[in-house]
Amino acid sequence: MKFLKTFLFLLSILFANFSYAQENKIIVDFFYSPTCSHCTAERKFFDEMQPIFPELVVNRYNITEKENIDKLKEYYKNYNVSEQEYGLVPITFINDEHFVGFDKTIKANLESKITKYSAECKKPIIDQKCDEQLEGVSKKEQIKIPLLGTINVSGIHPFLLSSIFGFLDGFNACALMALAFLLAVLVGTGDRKRILIIGGTFVLVSGIVYFMFISAWLNLFMFLSYIKFLSFIIALLVIFFGVTLLREYIVKIVCKICDTPENKKESLITKLQRKIFAKMSAVGKSSVSIWVAIPIVSMLAAGVNTIELFCSLGFPMAYTKILTTYNLSPIAYYLYILVYIFFYVLDQLVILFIALFSLKITMISERGIRIVKLISGIFLLILGIIILINPGIISSI
Amino acid sequence: MKIIRIEADWCPECVIFMKPVWEEISREFPSVSMEIFNYDKDEEIKIKYNISKVPTFIFLSDSGNEILRKNGIISKKEIIEIINKTSV
């Protein structure tokens, strides 16, 4: 019941209102006439700039519409536009400046301002929160890490970031163990159709559940962004997960649920994990119809991924926290999470297809799992330190 | 010689790593008898051999005395070495 409540809570976060993600936009108010050639050139310029700067919002006002003329009059007043410039188009307002016309100089000027605001997270309508973050801007671009030197974080494209994290997380020991367990049972049946459908269902549902959880993390972090020491807590947690993995590598822990000491009370998570693994074993071995097996495997995949999330929390946590520093649109956030999931699932699909064709579980060995733990541990440790020593990354949410 | 394998339905080490190894050992050493027990169902064995980790493999002599016990993942090479040593 507790587990169900936690699941529903996380779901509610997932579908929570995302409007706060609209903060930190570069807002440009652009007044134009559809028949003016300079206006067309400037419209094209903004069309080109918007994909490069997702945070750029261009409010386009056609001055042949009466309501926009009224709006323009208000802008004239607010920006102290001289009367000689009244009626001239295009006219562009950005931050506390305005530009009349559109030529090479204005284009270069606008371009440099947008680039500058983008880097500095400065909104034209300056808000305090954004201003406070300006102090950390120069630090945000580059991070100095002891022994590793300087790393340019802001230069990493979110697609690359999502691919790397998804790829590495796909090899996390907990996710691998669950999939390998199911495949090992299925391979024993020698039925390739069952391996493909049941194994495929498991991978697919794992991907969906993981997507939901990462989205929930993202929303949670954005929702809690007002907590000043949030980045500190996240950094400590990421470091904790990194150290845990390194400890498991050093003391050679491959299977955490295999110890059964008499006098030690087993945790609820261990009991649940055992129950789910036993069920997976039963479903994999049984000769029930595939159509009966699919919903059972789907539920088990959802269950095992929920539990394993506590095991591999470090990656989604560090990823979502870093992703929020990119100031993307809500759709872009979800698209990048999908990129993460694509690479996460891709690793598992490769293992599934190798098992399907060879009827063997390859790529997964005790040594392999330990190496994965070592690499993941070091990676999480570095990420934790990055988040810890450079609050600029996190505080730009 | 006889090998007692204490395993469990939920044990990844048993299913992923050790099952294929034991299948090969059975084929290559047909004279070695093996008995598999379920940790959750065979309480008697669990108590008799004081099992605290799954999987546990107990190597017994022909007279039934415990020669050696191993926990967790062990390599095929190591198992063959144990079989060869105890058979001499």
Side-chain angles (χ1 to χ4, degrees), chain A residues 173-190 251-264 266 270-286 300 304 307-308 311 351 355 358-370, chain B residues 3-28 30 34-59 66 68-83:
Chain A
C174 300
L176 272 189
M177 207 68 138
L179 176 68
F181 182 85
L182 180 67
L183 288 178
V185 177
L186 288 169
V187 160
T189 66
V251 297
K252 296 183 180 180
I253 296 176
V254 173
C255 171
K256 282 190 280 187
I257 59 170
C258 295
D259 281 327
T260 57
E262 280 263 319
N263 47 1
K264 203 180 156 192
E266 279 152 0
T270 303
K271 283 180 189 166
L272 268 172
Q273 274 175 308
R274 284 184 186 164
K275 218 169 225 181
I276 291 174
F277 274 75
K279 271 266 181 269
M280 282 205 288
S281 172
V283 175
K285 281 180 200 161
S286 80
L300 293 173
V304 84
I307 294 167
E308 299 301 356
C311 158
I351 292 163
S358 67
L359 289 180
K360 275 181 189 166
I361 304 298
T362 44
M363 283 173 76
I364 298 166
S365 62
E366 184 192 10
R367 195 163 165 261
I369 297 246
R370 285 190 62 223
Chain B
I3 300 167
I4 289 179
R5 291 163 49 188
I6 295 118
E7 299 173 359
D9 293 337
W10 43 260
C11 159
E13 289 189 350
C14 316
V15 177
I16 305 169
F17 305 108
M18 291 314 298
K19 196 173 169 245
V21 172
W22 288 120
E23 278 170 1
E24 284 176 31
I25 294 288
S26 295
R27 274 197 300 272
E28 290 169 30
M34 274 188 224
E35 234 180 308
I36 306 167
F37 292 95
N38 189 312
Y39 176 84
D40 297 307
K41 290 169 190 163
D42 300 307
E43 278 290 321
E44 243 177 72
I45 290 287
K46 201 168 101 181
I47 296 162
K48 184 180 172 187
Y49 289 104
N50 190 24
I51 305 300
S52 63
K53 186 171 163 59
V54 178
T56 294
F57 308 112
I58 301 168
F59 297 80
E66 184 175 332
L68 187 75
R69 96 165 42 194
K70 288 274 175 187
N71 298 126
I73 303 167
I74 43 171
S75 67
K76 185 183 167 188
K77 195 182 153 201
E78 200 179 345
I79 296 170
I80 293 173
E81 272 173 21
I82 296 168
I83 293 171

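Letters A, B, ... mirror the listed sequences (proteins, then strands); counts begin at 1. What you are looking at is a predicted structure, and each value in this text was computed from that prediction instead of being measured.
- Applying the 6.0 Å contact sphere to NZ of B:K53 captures more than 12 heavy atoms from other residues, nucleotides or ligands.
- Rounded to the nearest 0.5 angstrom, A:L182 CG and B:I16 CD1 are separated by 10.0 Å.
- Residue B:W10 holds its CH2 atom at 13.5 Å from CG of A:L272, rounded to the nearest 0.5 Å.
- Counting heavy atoms from C-beta on, the side chains of A:F277 and B:P12 come closer than 4.5 Å.
- Annotation: the span from B:D9 atom CG to A:K285 atom NZ amounts to 5.0 Å, rounded to 0.5 Å.
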